[in-house]
Every structure is written in structure tokens, then in C-alpha cells.
Amino acid sequence: MKNKKTHLCAIFGLLLLPAGMSAQENAAVSGNLALTPPMGWNSWNKFGCNVSEDLIKQTADAMVKSGMKDVGYQYVVIDDCWQVSRDAQGNIAADTQRFPSGIKALADYVHSLGLKFGIYSDAGSKTCEGRPGGLGHEYQDALKYAAWGVDYLKYDWCNTSTQDAKASYANMRAALDAAGRPIVLSICEWGKHQPWLWGKEVGGNLWRTTDDIQDRWEGKKEWKPGNCCSYGVMDIVDVEAGLYSYAGPGHWNDPDMLEVGNGGMSDTEYRSHFSLWAILAAPLIAGNDLRNMRSEIRDILTNREVIAVDQDPLGRQGQRVRKEGDLEVWAKQLSDGGRAVILLNRGNAAQKMVVTWEQIGYPDHLNAAVRDLWEHRDLGKMTGQFGATVPSHGVAMVTVRP
Ligand code: GLA
């Protein structure tokens with residue numbers, strides 16, 4: 001039976017199901033992706049449309065040299081503007097001025113460093129920057145991406161008119177699977193159609209939950225009058241707080257790419273931004289210039305202990321367990337039964353803060369080991385609570401282990 005099916009596929013289905021695979025076998029292609037939140041870099045936050053093969057190669061080099069690869073960063077993703085047109089057969093064409101060696105050669109280079117390669121397109125007729133979108137070319141593009149060696153696709157939502165979001169992303173996942181290469185699917189429809197409700201079902205590995213991040217601590221800002229809004233770090237965190245139940249291995253809420261190192265926030269705020277993304281089990285996609293990082297920025301992005309919280313195999317997204325005005329306690333259950341805890345001070349002056357064991361799901365009589373993940377220091381065994389003085393816009397981040 002199986003052989004017969006494969007045979008028929010080979011005759012009639014070559015375009016849709018290359019290598020004679022059944023739909024079930026196809027789904028298995030992408031079944032084990034992103035079991036922990038994806039880590040990597042994306043060009044958009046720092047470089048916008050100013051992308052080129054030199055930038056991508058230098059960034060991949062820097063990802064290795066800076067030690068980021070060693071702590072788990074993997075995907076090097078070109079965002080919008082690498083593509084300029086389609087040829088007479090409808091094949092997507094890269095900008096030959098900016099990518100003179102072609103995308104395949106670039107992917108090969110990234111792979112030669114032991115890293116993975118990602119690219120960007122859009123579910124609609126055009127990307128957000130007006131480049132050709134994927135609509136009507138999903139299977140053709142997926143085959144091209146697979147031939148190039150693409151490992152990660154960010155699929156945007158501009159110029160989608162009346163398209164159905166769930167069906168559009170399901171279609172692209174089916175196309176990627178039919179191409180036979182395991183490709184992470186990053187759904188980027190900004191939370192407009194509640195992708196946390198259907199993203200997993202359609203084979204999305206991560207889904208954006210808000211409009212774009214910008215490099216600031218808090219406050220939404222209209223893009224232009226009447227067109228709302230870019231988000232600050234605190235605005236995104238407030239949305240994520242209600243979405244913890246939807247995240248898990250293979251399917252993550254995506255609070256957008258990191259702004260750490262882009263210059264709009266203090267190092268204290270960047271440390272908070274990174275800590276919160278980790279406790280949210282968010283994809284850690286750096287968005288700064290890796291070729292020119294201050295050591296303080298590199299130390300934030302490569303903090304192994306904070307990254308371990310993000311990458312914990314249980315795959316729980318942390319929850320806001322306490323909020324009293326500007327003071328918040330966040331907690332994430334870890335696979336060994338421990339907790340990661342953040343004391344976050346959103347206010348304008350330093351504050352003494354306390355977390356009780358009861359707030360993080362332990363009995364108050366419990367004696368537990370507390371370790372500071374930014375000081376890299378064991379603070380000893382504590383009973384019932386932990387307290388710290390937290391600077392304005394800062395965090396204390398610890399693990400608590402019975
Ligand atoms: C949208 C996305 C951004 C980025 C740009 C590119 O705004 O949300 O992350 O990909 O498009 O044009």
C-alpha cells in the first residue's frame with residue numbers, strides 16, 4: 001500500500017510532494033523543531049533594509065568570535081529587503097548588487113561555521129517594505145528555500161488584504177514540509193488574529209504577539225497618525241503576561257527580537273529586557289551589530305545562567321505572580337523542580353523587594369538554595385523568602401532550588 005502511494009505520488013505529485021513522501025511523512029519533517037526557544041540574530045532591528053552578504057557573513061563570523069555560538073545562538077536570519085523581483089517563471093530573485101554570490105552561497109558560508117541560516121518573506125502579495133511576497137508562490141518558494149539550505153523562515157503579514165491568517169500559515173507550513181527540509185516557521189502576524197490559539201496546530205514554531213518592538217523601556221508610539229503602534233519592552237511584557245499557557249516545546253510566544261545593544265536603553269534596562277525574555281521562554285534573537293559590541297553588551301547576551309532559564313527543557317513560560325504598582329515578581333518552573341525568579345522594579349527609584357516561597361509555589365517552611373544569575377554567586381540557603389534592593393528599571397534574577 002505504502003509503495004503504491006509513493007509511486008502515485010511520484011507520478012502525479014512531484015511538485016507538491018517531492019521525494020515521494022506522504023503528507024504524514026511530510027509533517028514529520030518539521031516535527032522536532034524548536035524544542036527549546038530558537039536563538040540567533042536577525043538583521044531588522046539594527047539594519048532595516050540595509051542588508052548585504054558582507055553584513056551577514058561578518059555577523060556570522062562575529063557570532064562565533066564573540067562566544068555567542070558557544071552559548072547557544074544558532075540562526076542567522078536576513079529580514080526584509082534581500083529580494084527584489086520574480087523572474088519570468090515566478091522564481092524569487094535576490095538583490096544581485098547586495099548579494100552578488102547568491103543566497104545559496106551565503107547559506108553555505110553560514111553552515112560552514114556550524115550555524116543555521118534563516119530568511120524572510122510575507123504571506124501577502126508584498127512584504128512590509130514592498131518586496132515580492134509569497135502569496136500564490138508558497139510551494140515554489142519553499143522548494144527554492146530548501147534548495148538554498150534555509151533552516152528558518154520568518155513569514156510576515158503585510159499586504160494580506162482579506163486572507164485568513166490561520167489558513168495562510170497552514171499553507172506555508174505544508175509547503176515547507178513538502179519541500180522535505182526541516183525549516184522553523186516563525187509566524188509574524190503581530191497577534192492580530194490571536195495566533196497563540198492556532199499557531200501550534202498549523203505547525204508554527206513561534207508567533208509574534210504584538211506589533212514591532214522599538215528600542216525603549218516603555219510606551220507605545222504611533223507609527224504615523226492613526227496607525228498604532230510600536231511597543232516598548234514593558235508594553236510587550238504586559239501582553240505576554242496573559243499568554244503563558246500557550247507556550248511549550250516546539251511552539252513559543254514571540255515577544256519580538258531583542259534590542260539589547262542598540263543604544264536606546266541603559267545597560268540596567270537591557271539586563272531587565274534580556275532577563276524577562278528568558279523567564280518568558282522567548283526566542284532569543286539578537287538584533288544589534290554583533291561586529292561592534294561593548295563588552296557589557298556581550299556579557300548580557302552571553303549570560304549562560306540566564307540563557308539556561310530560557311532554554312530549560314520543560315519549556316514553561318514564566319508567570320507574573322505578583323504585581324504591586326511598579327513592583328512585580330515573575331517566576332518560571334524549571335525541569336528540576338526549581339524556580340527562576342525575577343524581581344522587577346518598573347519605578348523611578350530603587351526599592352527593597354521580597355518574594356515569598358508561597359508566591360512561587362513552595363511552602364514557606366522550605367529551605368532552598370538561592371543563586372544570583374547576574375552576580376554569578378550562591379547566596380546560600382534561605383527559608384520562606386528572598387529579598388533584594390532592586391534599582392530603578394532593574395531586576396534581581398535568581399534561581400531557587402529546594
Ligand atoms: C514587520 C515585522 C518586522 C520586520 C519588518 C520588515 O514590521 O513585524 O519585524 O520584519 O516588517 O519590513
Side-chain angles (χ1 to χ4, degrees), residues 37-52 55-56 59 75-85 92 94-95 98-99 103 117-135 141 145 150 152-161 163 165 168-169 172 183-196 199 204-216 220-224 226-233 235-236 239-240 252-262 264 273 277 282-289:
M39 294 177 64
W41 174 90
N42 172 297
S43 52
W44 184 254
N45 282 356
K46 172 72 183 174
F47 297 97
C49 270
N50 198 12
V51 288
S52 66
L55 171 69
I56 301 302
T59 299
Y75 296 98
V76 179
V77 183
I78 323 178
D79 207 281
D80 207 349
C81 301
W82 62 269
Q83 66 287 67
V84 284
S85 57
I92 190 75
D95 183 332
R98 289 173 172 272
F99 297 90
I103 303 297
F117 179 72
I119 211 162
Y120 162 101
S121 186
D122 187 289
S125 54
K126 287 185 175 163
T127 72
C128 295
E129 288 293 325
R131 308 301 173 96
L135 183 62
D141 285 350
Y145 300 154
V150 168
Y152 182 113
L153 174 67
K154 175 176 170 183
Y155 214 47
D156 214 341
W157 190 243
C158 277
N159 304 300
T160 46
S161 175
Q163 277 174 248
S168 299
Y169 284 99
M172 195 61 208
I183 297 178
V184 170
L185 177 58
S186 157
I187 295 177
C188 180
E189 65 77 77
W190 324 309
K192 299 281 185 231
H193 303 89
Q194 301 180 295
W196 44 89
N205 300 109
L206 56 155
W207 47 80
R208 283 273 300 280
T209 53
T210 65
D211 213 326
D212 294 7
I213 192 171
Q214 275 187 347
D215 188 10
R216 66 172 167 274
K220 296 182 195 175
K221 277 196 188 155
E222 288 189 328
W223 294 106
K224 49 186 183 204
N227 183 3
C228 188
C229 281
S230 66
Y231 279 54
V233 165
D235 308 287
I236 294 182
V239 173
E240 293 284 303
W252 310 99
N253 290 306
D254 175 9
D256 207 355
M257 304 168 297
L258 296 163
E259 292 283 9
V260 174
N262 279 335
H273 173 20
W277 262 230
L284 297 178
I285 309 290
N288 59 320
D289 188 345

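These figures come from a predicted structure and were not determined experimentally. Whatever order the structure lists them in is the order used to number ligands and atoms, beginning at 1.
Here Arg98 contributes atom CZ and Leu55 contributes atom CG; the two are 9.5 Å apart, rounded to the nearest 0.5 Å. Note: Glu129 CD to Asn159 CG = 10.5 Å, rounded to the nearest 0.5 Å. For the atom pair Ile78 CD1 and Phe99 CZ, the distance stands at 4.0 Å (nearest 0.5 Å). Thr59 contributes atom OG1, which lies 6.5 Å from atom CG of Asp289 (distance to the nearest 0.5 angstrom).
Among all non-hydrogen protein atoms, the one lying nearest atom 4 (C) of ligand 1 is Asp79 OD1, 3.5 Å. Remark: minimum distance from atom 9 (O) of ligand 1 to any protein heavy atom is reached at Lys154 NZ, 2.8 Å. In terms of protein heavy atoms, atom 7 (O) of ligand 1 is closest to Asp212 OD2, 2.7 Å. In this structure, atom 5 (C) of ligand 1 lies nearest to the protein heavy atom Trp44 CE2, 3.6 Å.
Using a 4.0 Å cut-off between a side-chain N of Lys or Arg and a carboxylate O of Asp or Glu, Asp79 and Lys154 qualify as a salt bridge.
Which parts of ligand 1 touch Arg208 is read off a 4.0 Å heavy-atom cut-off, strictly below it: atoms 8 (O), 9 (O). Applying the 4.0 Å criterion to heavy atoms of Asp80 picks out, from ligand 1, the atoms 6 (C), 12 (O). For ligand 1, the atoms lying closer than 4.0 Å to a non-hydrogen atom of Cys128 are 1 (C), 11 (O), 12 (O). Close approach to Trp190 involves these atoms of ligand 1, each under 4.0 Å from a residue heavy atom: 2 (C), 8 (O). For ligand 1, the atoms closer than 4.0 angstrom to any heavy atom of Asp156 are 1 (C), 2 (C), 5 (C), 10 (O), 11 (O). Distances below 4.0 Å separate heavy atoms of Glu129 from the following atoms of ligand 1: 12 (O).
Ring planes of Tyr152 and Tyr75: tilted class, angle from 30 to 60°.
For Trp44, the ring pair (Phe, Tyr, Trp, His ring centres under 6.0 Å) criterion is met by no residue, not counting sequence neighbours. Partners of Trp252 according to the ring pair (Phe, Tyr, Trp, His ring centres under 6.0 Å) rule, which considers only residues two or more places apart in sequence or in another chain, do not exist here.
For Asp256, no nitrogen or oxygen atom sits less than 3.5 Å from a nitrogen or oxygen atom of ligand 1, counting backbone and side chain alike.
With a 4.0 Å heavy-atom cut-off, ligand 1 is reached by the side chain of Cys188 but not by its N, CA, C or O.
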